[in-house]
Amino acid sequence: MISTGERVQASVGSLLSVRDLSIAYPSQAGPVPAVRGVTFDVAEGEILGLAGESGCGKSTIAHALLRLLPPDARVTGQVLLNGEDVLTMKFGRLRAVRWDEASIVFQGAMHSMNPVQRVGDQIVEAVRLHRPATNERQGQAQVGELLERVGLPARRARDYPHELSGGQRQRAMIAMALACEPKLLIADEPTTALDVMVQAQVLSLLKELQRELKLGLIFITHDLSVLVELCDRIAVMYAGRIVEEGPAEAIFERPAHPYSWGLSGSFPRIGDPEYRRAPGGLPGDPPDPQHLPTGCPFHPRCPRAFEPCPDTDPPMYPAEHGGFAACLLLDSKLNPEGARA
Ligand SMILES: Nc1ncnc2c1ncn2[C@@H]1O[C@H](COP(=O)(O)OP(=O)(O)OP(=O)(O)O)[C@@H](O)[C@H]1O
Ligand SMILES: [Mg+2]
């Protein structure tokens, strides 16, 4: 078992350090706890994948990282970007940090461009907001370079968003996010609305840019198989918590948490030494955040739930893959046989 404090100590010097982040949205029926005590790090040049079913809190985290949540959201914890807490910095400083140090490609970004403004002008606007000394000609030249960098001809700067295909628009959004050369890029389901071929192209573009620019990248999706291709590490979320984190390939191939077994489509069978792919996926639905089950929030859906699960909310345990998982199967006192017995 490992405490949050020890994990904090282990990761000083990250580009991004998120510490014990909790977020609740107000509602008529009381606060909705969307994110509950989340801790993770992203190093310079590292790709972290954030996975989990719809409603588990992925976009809420993404927005919190740049303080883009609705003003009535209740946020506690720390979001340290290069050691500075985004959650408490003055607004002037926050404006400088957005785009320049960290930027975000929003979920549904395909529809978030201004439909009546040329693509190039929208990108120039972002650049000039942060580099006011940039003149029109320099700005347009920079836009041309940026578009070419994401695989679009510079002349497409004169197009309106509706003249671009979905994949091209997504590339333009990535160009815009990179306009001020941030060190951290947050990409919230940037490929979900694209067909499989275009999705693969946008993914390989992101990977190429990430390498070239040594970007820290947080890539969010519900699809674990997309993350394994792209990421160095994966954090799996369930009901507002990170329930497993570790090296990408190992988590996909040998997940330690039964929820990740389900997400990756691989369930171990009792008595079967090897994992088998289970096309059926996960039974049941994610819980309502306002009415979380007692103990481990995953226990009502878990194929391996045992006696302590309804009463004990599991801490993070070290897992075989070198990361951590919040599952009582990994507690050698409660389950001496080990997770895969
Ligand atoms: N503005 C809001 N007001 C109230 N509740 C919200 C708001 N935004 C999100 N929520 C709730 O917070 C929880 C987390 O939502 P979030 O959008 O972060 O999930 P997600 O993991 O990004 O899901 P998806 O995969 O569907 O994008 C959900 O229960 C959602 O209903
Ligand atoms: Mg989302």
Side-chain angles (χ1 to χ4, degrees), residues 16 18 20-40 42 48-77 79 86-87 102-112 166 170 173-174 177 184-194 199 202-203 206 217-228 230-231 233-245 251 257 259-260 262-265 281-282 284-293 297-298 300-301 326:
L16 177 75
V18 174
D20 204 17
L21 180 67
S22 293
I23 301 157
Y25 293 105
S27 84
Q28 299 225 315
V32 179
V35 172
R36 304 181 301 127
V38 160
T39 289
F40 66 88
V42 181
L48 173 74
L50 204 53
E53 286 166 295
S54 187
C56 70
K58 305 181 294 298
S59 296
T60 300
I61 291 182
H63 291 187
L65 299 182
L66 285 178
R67 239 164 87 188
L68 294 164
L69 289 166
D72 55 0
R74 220 178 50 218
V75 185
T76 57
V79 173
V86 174
L87 299 181
S103 65
I104 180 165
V105 176
F106 289 104
Q107 183 167 9
M110 302 228 306
H111 308 289
S112 66
Q170 201 58 292
M173 292 302 305
I174 293 169
L184 177 70
L185 177 67
I186 303 154
D188 189 1
E189 310 235 18
T191 59
T192 306
L194 305 174
Q199 183 174 2
V202 173
L203 282 176
L206 266 176
L217 173 63
I218 299 178
F219 190 95
I220 298 176
T221 174
H222 54 271
D223 188 345
L224 213 50
S225 64
V226 166
L227 294 183
V228 70
L230 185 74
C231 300
R233 282 186 309 122
I234 292 178
V236 178
M237 287 189 69
Y238 190 75
R241 284 240 165 112
I242 290 178
V243 294
E244 180 157 14
E245 60 168 284
I251 284 211
H257 196 292
Y259 176 62
S260 314
L263 267 194
S264 67
L282 282 161
D285 294 311
D288 172 354
Q290 279 183 301
H291 301 101
L292 290 176
F298 184 58
R301 301 171 75 191

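First listed ligand is number 1; within each ligand, the first listed atom is number 1. Index from 1, following the sequence.
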Within-shell test, Gly57 vs ligand 1, heavy atom, strictly < 4.0 Å: yes
Side-chain heavy atoms of Leu21 within contact of Phe40, under 4.5 Å: no
Any residue meeting side-chain contact (heavy atoms from CB on, under 4.5 Å) with Ala235, in chain and number order, not counting sequence neighbours: Leu48, Leu50, Ile242, Glu245
Ligand 1 to Pro70 polar contact by distance, N or O atoms, under 3.5 Å: no
Distance (rounded to the nearest 0.5 Å) between Leu203 CG and Thr191 OG1: 4.5 Å
Protein N/O/S atoms closer than 2.8 Å to the Mg ion (ligand 2): Ser59 OG, Gln107 OE1
Verify atom 29 (O) of ligand 1: protein non-hydrogen atom under 4.0 angstrom away: yes
Under 3.5 Å: N/O of Gly52 near N/O of ligand 1: no
Protein non-hydrogen atom below 4.0 angstrom of atom 6 (C) of ligand 1 present: yes
Rounded distance (nearest 0.5 Å) linking atom CG of Leu227 with atom CD1 of Ile234: 5.0 Å
Atom 26 (O) of ligand 1: the protein heavy-atom neighbour that sits closest, reported with distance to 0.1 Å: Ser54 OG, 2.5 Å
Over all atoms of both residues, closest heavy-atom pair of Tyr25 and Ala34: CE1-CB, 3.6 Å
Please report, to 0.1 Å, the donor-acceptor pairs under 3.5 Å made by any side chain of residues 66-77, with sequence neighbours excluded.
unit_1: Arg67; atom_1: NH1; unit_2: Val86; atom_2: O; d: 2.8
unit_1: Arg67; atom_1: NH1; unit_2: Met89; atom_2: O; d: 2.8

Student check: side-chain heavy atoms of His63 and Phe106 closer than 4.5 Å: yes
Interfacing atoms of ligand 1 (cut-off 4.0 Å, heavy-atom, Gln107): 27 (O)
Atom 14 (C) of ligand 1: the protein heavy-atom neighbour that sits closest, reported with distance to 0.1 Å: Gly55 O, 3.4 Å
Non-hydrogen atom of His63 closer than 4.0 Å to ligand 1: no
Ile220 and Ile61, any side-chain heavy atoms less than 4.5 Å apart: no
Non-neighbouring partners of Glu189 that pass salt bridge (Lys or Arg N to Asp or Glu O under 4.0 Å), sequence neighbours left out: none
Geometric class of the His257/Phe298 ring pair [parallel <30°, tilted 30-60°, perpendicular >60°]: tilted
Which of the ligand 1 atoms, numbered from 1, are nearer than 4.0 Å to a heavy atom of Glu189: 25 (O)
For Ser59, the ligand 1 atoms whose distance to one of its heavy atoms is below 4.0 Å: 17 (O), 18 (O), 20 (P), 22 (O), 27 (O)
Spacing of CD1 belonging to Ile104 relative to CG belonging to Asp188, to within rounding of 0.5 Å: 6.0 Å
Side chains of Gln290 and Ser27 in contact at under 4.5 Å (non-hydrogen atoms): yes
Interfacing atoms of ligand 1 (cut-off 4.0 Å, heavy-atom, Thr60): 14 (C), 15 (O), 16 (P), 18 (O)
Residue, atom name and distance, where the atom is the protein heavy atom closest to atom 25 (O) of ligand 1: Lys58 NZ, 2.8 Å
Nearest neighbour in protein (non-hydrogen) for atom 4 (C) of ligand 1: Tyr25 CB, 3.3 Å
Pro289-ligand 1 polar pair, N/O distance under 3.5 Å: no
Glu53 side chain near Tyr259 side chain, heavy-atom distance below 4.5 Å: yes
